[in-house]
J.: 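Right, I'll just put the structure down here and ask away after.
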Amino acid sequence: MADTLYFSRNTKVYAAIGGNVWEIPVLDGFSFSQATNASEITLNEMSDASGNSRRGRQMFTDSYAPAEWSFSTYVRPFKSEGSGTGAADSAEKVHAVEEVLWAQMVGAGTYASNTFPGLDHTADTNGALDINFDQANKTSLGTIDLFFVMGATSGGTETVYHIEGCCVNEASLDFDIDGIATINWSGMGKIIKEAADADHSFLSGGAITPTVTEGTSSTSNFIRNRLTSLAISSTSPTTTTYDLVLTGGNITISNNMTFLTPETLGTVNQPLAHVTGTRSVTGNFTCYLNAEASSSADLFENIIEGTSTITNNFNLSFKVGGASGDPRLELDMAQCHLEVPSHGIEDVISLETNFHALPSTIDGTDELTIKYVAT
Amino acid sequence: MTDYIFKKNSEIYIAEPTSTSGRTTNTYNMGVNTSILAVEDFSISQSRVNQGYKTKTLHEPHKLSDGSLVTKINPAKFQMTILVPTVTDVAIDIIMDAILKPITNSNFDIVAFSGHKPTQNDADFKVQVYNCFISNAEFIIETNSVLKLKVQGEGTMMTGEHVDFYSFFGAVSQPTEFQKVDYLSAKLPDSTDIPCVVSLTVEVQNSINWLPSQTLNNTLAGVLSSPQQATVDKRTVSGSITAYTKAPKFSSVGGLSHDHELNKILSIVAGESASKGFKFNLLGCTYTSRLSTGTVFTTTYDWEMTDNPTNFSDSSSDTRSYIKIQT
């Protein structure tokens with residue numbers, strides 16, 4: 001009898017909230033795992049009269065560590081058809097294939113009327129999906145159930161792994177010049193189980209029937225990083241509008257979540273729930289060292305000479321995919337604290353600048369707004 | 001074969017005797033009858049009192065070592081950290097009654113049983129503390145933890161013996177669901193929520209005074225005198241609330257106008273929701289405040305209850321002081 005093996009390229013990933021299921025096309029390199037927390041109990045005896053000393057040890061499983069998952073998705077905005085099987089909306093509004101993940105990162109993640117708290121499909125009259133952190137100052141955020149269907153496209157026997165109660169801990173966007181805009185997602189969940197048909201209405205014979213699939217098969221909603229531009233200006237330490245041309249960069253948004261796991265005696269405890277930590281939006285951008293006025297050399301000079309400025313204030317606006325046109329992704333950070341840029345001594349000398357996006361007040365949530373644009 | 005006893009294999013039970021002589025009926029596992037209470041850690045100990053006396057005399061100057069008499073047993077001491085369940089539990093109700101309504105005659109024992117889940121060479125072993133009193137209870141409320149109740153107490157006697165688990169207690173079920181802090185409301189006298197709370201603590205201390213039980217007859221007969229009865233001389237309910245200092249300063253809002261206040265109301269609810277978790281309704285409290293200059297300035301309000309309710313566990317009305325666990 002032939003063994004049934006699975007290849008990562010035959011895997012499909014789905015996110016579910018109740019009976020609503022989104023197909024999440026992921027790139028190669030996804031992962032999920034769950035570890036155990038164990039205690040080692042050892043003996044520490046002295047010698048008996050015969051020189052014997054017991055040297056054994058015992059292991060106890062205290063609890064399961066939270067399940068950890070990660071995968072990458074392309075940034076894929078699209079305007080819904082407003083109807084049809086798998087439609088994201090009943091109206092022609094801008095959505096994103098990966099929006100269910102953003103919804104868990106920025107708010108309660110509840111799904112109603114084709115949208116989530118923190119996601120606004122109507123704010124921009126020109127057609128855009130705005131994502132904000134207005135409802136993110138909570139001790140816990142939204143959760144989804146993730147399903148990894150092994151062998152989904154092989155035509156053989158599928159095995160479906162279900163990670164229950166997943167929170168989205170981190171999203172990271174890299175701007176490499178030659179790539180397609182990609183978000184690296186990671187998070188945690190309660191426990192990994194093998195899914196059974198009886199437990200899920202959308203699961204039958206190892207196949208999942210998603211309710212939202214719009215945009216997943218389109219080839220026109222990918223974004224080229226090479227078109228990315230950065231608008232940067234400052235009010236402190238100097239009032240300057242800079243003219244920089246990016247060669248690369250990264251933005252990382254992290255909820256710094258931890259998972260609660262009881263540690264009662266006499267049982268193997270399971271993870272209970274997540275708790276949010278400090279929200280951080282950090283990143284870096286690289287550009288060539290340029291001595292033109294208000295270019296990167298001036299950026300370095302202004303920051304390193306600003307010794308009386310404890311917290312500087314830069315306005316950064318990344319437009320991934322270009323300053324205009326679509327599809328594109330805009331990331332606006334109105335208050336950024338920039339570190340002193342570091343020089344990269346290569347064939348062409350470059351500057352790498354780390355930044356920290358901050359809210360306007362410490363109890364604010366306006367450090368970052370995200371806009372998906374599509375037509 | 002040597003049998004070792006592992007704490008990791010232990011479970012904690014509450015045993016309620018039907019009479020002062022019977023000790024094995026009405027046994028509640030932290031998890032048996034209601035399947036929801038659990039203990040994170042525990043410790044139990046008891047010591048004997050060794051009374052030394054001089055043996056050196058003019059005639060026997062070589063007797064440099066003291067003689068010894070062991071005539072008395074100190075109270076057994078125990079400590080455990082209990083995780084707060086999401087449903088009502090008989091065992092934790094008994095613990096709460098012992099915290100809030102200490103009486104002269106204790107009506108429960110604590111039984112730690114190791115060996116329910118035998119591994120390689122471990123033994124079925126029972127440690128029992130009889131006639132327990134709770135001397136200290138700390139209500140642990142932390143954002144990154146489940147609700148916990150850390151109790152310390154004393155009992156008349158501690159025993160340890162090999163027993164067969166199933167003949168003693170029968171099958172047990174395991175706890176699974178516990179409360180975490182998704183909701184926190186700490187209200188001041190004018191019902192204003194204290195803003196920007198960093199941490200808060202609540203502690204109940206019962207000062208236990210064991211009645212003397214040592215008699216000359218027992219000493220002469222070589223019988224060790226163990227504690228028999230105790231009284232609670234004093235109860236202290238106190239705690240602190242630490243919040244980030246904002247303008248206007250904390251003491252000028254919420255009905256507190258000075259850096260110290262007397263006889264003010266304090267209401268705290270911490271748990272999964274307004275109707276689940278710890279609830280403290282304390283009608284008369286003394287507040288004192290102190291400012292701390294950490295990376296972010298904080299104000300800590302230390303408080304102590306001065307009210308003396310006749311029944312501290314009666315939560316039928318908010319017009320009286322009480323503490324309860326809401327499930």
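First the proteins, then the strands, lettered A, B, ... as listed; each starts at 1. Keep in mind it's a predicted model, so treat the numbers as computed, not measured.
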J.: Could you walk me through whether A/Thr139 and B/Thr143 pass the side chain to side chain contact (heavy atoms under 4.5 Å, CB included) check?
T.: CA-CA 8 Å; A/Thr139 54; B/Thr143 303; 4.2 Å; yes

J.: Within the supplied structure, the quantity of interest is the number of heavy atoms (other residues, nucleotides, ligands) at a distance under 6.0 Å from A/Asp199 CG; does it exceed 12?
T.: yes

J.: Quick one: pull up OG1 in B/Thr81 and CD in A/Glu263 and give me the separation to the nearest 0.5 Å.
T.: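 Here the interatomic distance stands at 11.5 Å.
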
J.: Would you name the heavy atoms of A/Leu272 and B/Phe178 that are closest together and state the gap between them?
T.: CD2-O, 3.8 Å

J.: For A/Pro262 and B/Leu83, work out which heavy atoms get closest and say how close.
T.: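 Scanning both residues completely, I find the closest heavy atoms to be CB-CD2, 3.4 Å.
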
J.: For atom OH of A/Tyr64, is the number of surrounding heavy atoms from other residues, nucleotides or ligands below 6.0 Å larger than 12?
T.: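 For A/Tyr64, atom OH is not crowded (no more than 12 foreign heavy atoms under 6.0 Å).
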
J.: With a 4.5 angstrom heavy-atom cut-off, which part of B/Val181 approaches chain A: side chain, backbone, both or neither?
T.: backbone

J.: If you count the non-hydrogen atoms of other residues, nucleotides and ligands that lie under 6.0 Å from OH in A/Tyr111, is the total more than 12?
T.: yes

J.: If I measure from the heavy atoms of chain B, does A/Leu43 come under 4.5 Å with its side chain, its backbone, both, or neither?
T.: side chain

J.: Salt bridge between B/Lys8 and A/Asp62, side-chain N to carboxylate O under 4.0 Å?
T.: yes

J.: Out of curiosity, A/Thr264 OG1 to B/Ile82 CD1, how far, rounded to the nearest 0.5 Å?
T.: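 Result: 12.5 Å between the selected atoms.
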
J.: In the structure I gave you, are the side-chain heavy atoms of B/Lys7 and A/Phe60 within less than 4.5 Å of one another anywhere?
T.: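 The answer is no, as the side chains (C-beta and beyond) never meet within the 4.5 Å cut-off.
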
J.: Of the non-hydrogen atoms in A/Leu260 and B/Val146, which two are nearest, and what is the gap between them?
T.: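 Here A/Leu260 and B/Val146 meet closest at CD1-N, 4.2 Å.
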
J.: What part of B/Lys148 lies closer than 4.5 angstrom to a heavy atom of chain A: side chain, backbone, both or neither?
T.: neither

J.: What heavy-atom pair brings B/Lys180 and A/His274 nearest, and what distance separates the two atoms?
T.: NZ-O, 3.7 Å

J.: Counting neighbours of NZ on B/Lys324 that are heavy atoms of other residues, nucleotides or ligands and sit closer than 6.0 Å, is the number greater than 12?
T.: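 Atom NZ in B/Lys324 is crowded, with more than 12 foreign heavy atoms closer than 6.0 Å.
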
J.: With a 4.5 Å heavy-atom cut-off, do A/Leu265 and B/Glu11 have their side chains touching?
T.: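 No; the side chains remain at least 4.5 Å from each other.
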
